[in-house]
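First up is the structure itself, then whatever we jot down about it.
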Amino acid sequence: MKIKDSIEGCFQLMGGDFTNAGTASSELKSILSKLGVSQEVVRRAAIAAFEAEMNVIIHAVAGTMHYVVSSEEVRITLTDMGPGIQDIELAMQEGYSTAPDWVREMGWGAGMGLPNIKKNADRFKIDSVMGEGTTLEIVIYTRKD
Amino acid sequence: MLKVNDIIEKIGLDIRVSGDMYKHVTGCYISDLLSDVMAHSKDGELWITLQTHPNIVAVAVIKGLSCIVITNGRLPEPDTVKKAESENITILTTPKTTFETAGLLYNLLRSE
């Protein structure tokens, strides 16, 4: 990969905007590919970003997806104005979800999102304040060693 | 390896959105749970689902799936068609059930 300095950018996310869901993650995927990040890292970053983007669209009013790409890592930070997560440990359990029924009918809200993000990240951190919002930090190493 | 257009011809699927027809079909994944597809489908697989809303296109883009097949006579929503056209994702439909479609596809992919 030929990145000298770090490259960064930001996407705005609108809560409830299911029609455009995935646009930010698709764009991030193509940005990473163009930067010459390895396919495996692109794949993992795109999956983690998309699951996190869906969480903002399903649960929050609005949010942002910020990314920084360096020769060391891809760092994706999602900050939302949402309800917050009451029990992060519970939310991390596969199968646990607070999504409403109509979202489940769309095939989301199976309680697989956060575990799937964790699985694809090398480092993963959640900070949440009830009634204010949630911040997710996803880091994927670009170096193989 | 079979391409999307080979599959369409051999098992008789209706084309709703014509994307990259020469994409290789590496296998098949079947699920109506989008997070399950996000977690378990693999690059190049054909995806059979009952879901018709626009998010299926985003899943196919992110996961690099070769095409989407909607079964049971269901049709993609207009917004789904628009999104698939702009993202160059092929959407196919069939009046057959998921079971029948999967069976035909299984035999086809195994015979290759």
Side-chain angles (χ1 to χ4, degrees), chain A residues 11 13 16-33 38-58 65 76 91 93-97 99 102-121, chain B residues 17 19-20 23-24 26-27 29-72 74-91 98:
Chain A
F11 301 103
L13 306 173
D17 184 9
F18 281 86
T19 308
N20 292 311
T23 309
S25 307
S26 304
E27 213 160 303
L28 178 63
K29 185 185 178 185
S30 88
I31 289 167
L32 294 177
S33 296
S38 80
Q39 274 194 344
E40 181 58 17
V41 172
V42 173
R43 190 187 66 80
R44 287 166 58 206
I47 293 169
F50 187 31
E51 288 286 6
E53 183 181 353
M54 282 316 301
N55 281 348
V56 174
I57 286 158
I58 292 168
M65 181 195 287
I76 308 162
Q93 276 180 27
E94 193 136 346
Y96 179 82
S97 174
W102 67 272
V103 170
R104 289 170 198 258
E105 277 164 28
M106 291 175 76
W108 296 115
M112 296 177 74
L114 290 175
N116 203 9
I117 294 170
K118 194 181 177 188
K119 205 177 77 186
N120 283 288
Chain B
V17 179
D20 182 0
K23 229 174 153 149
H24 287 291
T26 58
Y29 197 74
I30 305 175
S31 183
D32 302 323
L33 221 48
L34 275 66
S35 281
D36 175 48
V37 181
M38 286 300 295
H40 299 119
S41 68
K42 294 187 189 74
D43 196 71
E45 283 181 337
L46 174 155
W47 175 23
I48 302 179
T49 186
L50 289 176
Q51 297 287 358
T52 58
H53 59 80
N55 294 173
I56 60 174
V57 178
V59 171
V61 171
I62 299 284
K63 294 294 296 192
L65 304 175
S66 51
C67 62
I68 303 169
V69 178
I70 304 172
T71 54
N72 262 8
R74 293 190 184 210
L75 297 177
E77 290 172 14
D79 278 346
T80 309
V81 170
K82 248 189 270 170
K83 202 157 185 75
E85 280 167 350
S86 72
E87 298 282 0
N88 202 30
I89 292 290
T90 301
I91 299 185
T98 296

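Proteins get letters first, then strands, A, B, ... in listed order; numbering begins at 1 in each. Since the model is a prediction, treat every value here as computed from it, not as a measurement.
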What option among [options] has the most heavy-atom pairs under 4.5 Å with chain A?
{"options": "I62(B), V57(B), D36(B)", "answer": "I62(B)"}
{"options": "T49(B), L34(B), I56(B)", "answer": "L34(B)"}
{"options": "A39(B), S31(B), P54(B)", "answer": "A39(B)"}
{"options": "D32(B), N55(B), L33(B), T52(B)", "answer": "N55(B)"}

Examine whether an atom of N20(A) lies under 4.5 Å from a heavy atom of chain B, and if so say whether it belongs to the side chain, the backbone or both; otherwise answer neither.
-> both
Atom pair CE/CD of M65(A) and E27(A) - distance to nearest 0.5 Å | 10.0 Å
In terms of the angle between their ring planes, are F18(A) and W102(A) parallel, tilted or perpendicular, with boundaries placed at 30° and 60°?
-> perpendicular
Measure [X] against the heavy atoms of chain A and call it side chain, backbone, both or neither at under 4.5 Å.
{"X": "V59(B)", "result": "both"}
{"X": "D43(B)", "result": "neither"}
{"X": "D79(B)", "result": "side chain"}

Could you check if a side-chain atom of P76(B) sits within less than 4.5 angstrom of a side-chain atom of V17(B), using non-hydrogen atoms only?
-> no
F11(A) side chain near T23(A) side chain, heavy-atom distance below 4.5 Å | no
Does the pair E85(B)/K82(B) count as a salt bridge with the N-to-O cut at 4.0 Å?
-> no
Kindly indicate, with the supporting measurements, whether the criterion side-chain contact (heavy atoms from CB on, under 4.5 Å) is fulfilled by L114(A) and K118(A).
-> CA-CA 6 Å; L114(A) 290 175; K118(A) 194 181 177 188; over 6 Å; no
Between S66(B) (side chain) and E45(B) (backbone), is there a donor-acceptor pair under 3.5 Å?
-> yes
One option among G109(A), G22(A), S30(A), A21(A) has the most heavy-atom pairs under 4.5 Å with chain B, and it is A21(A)
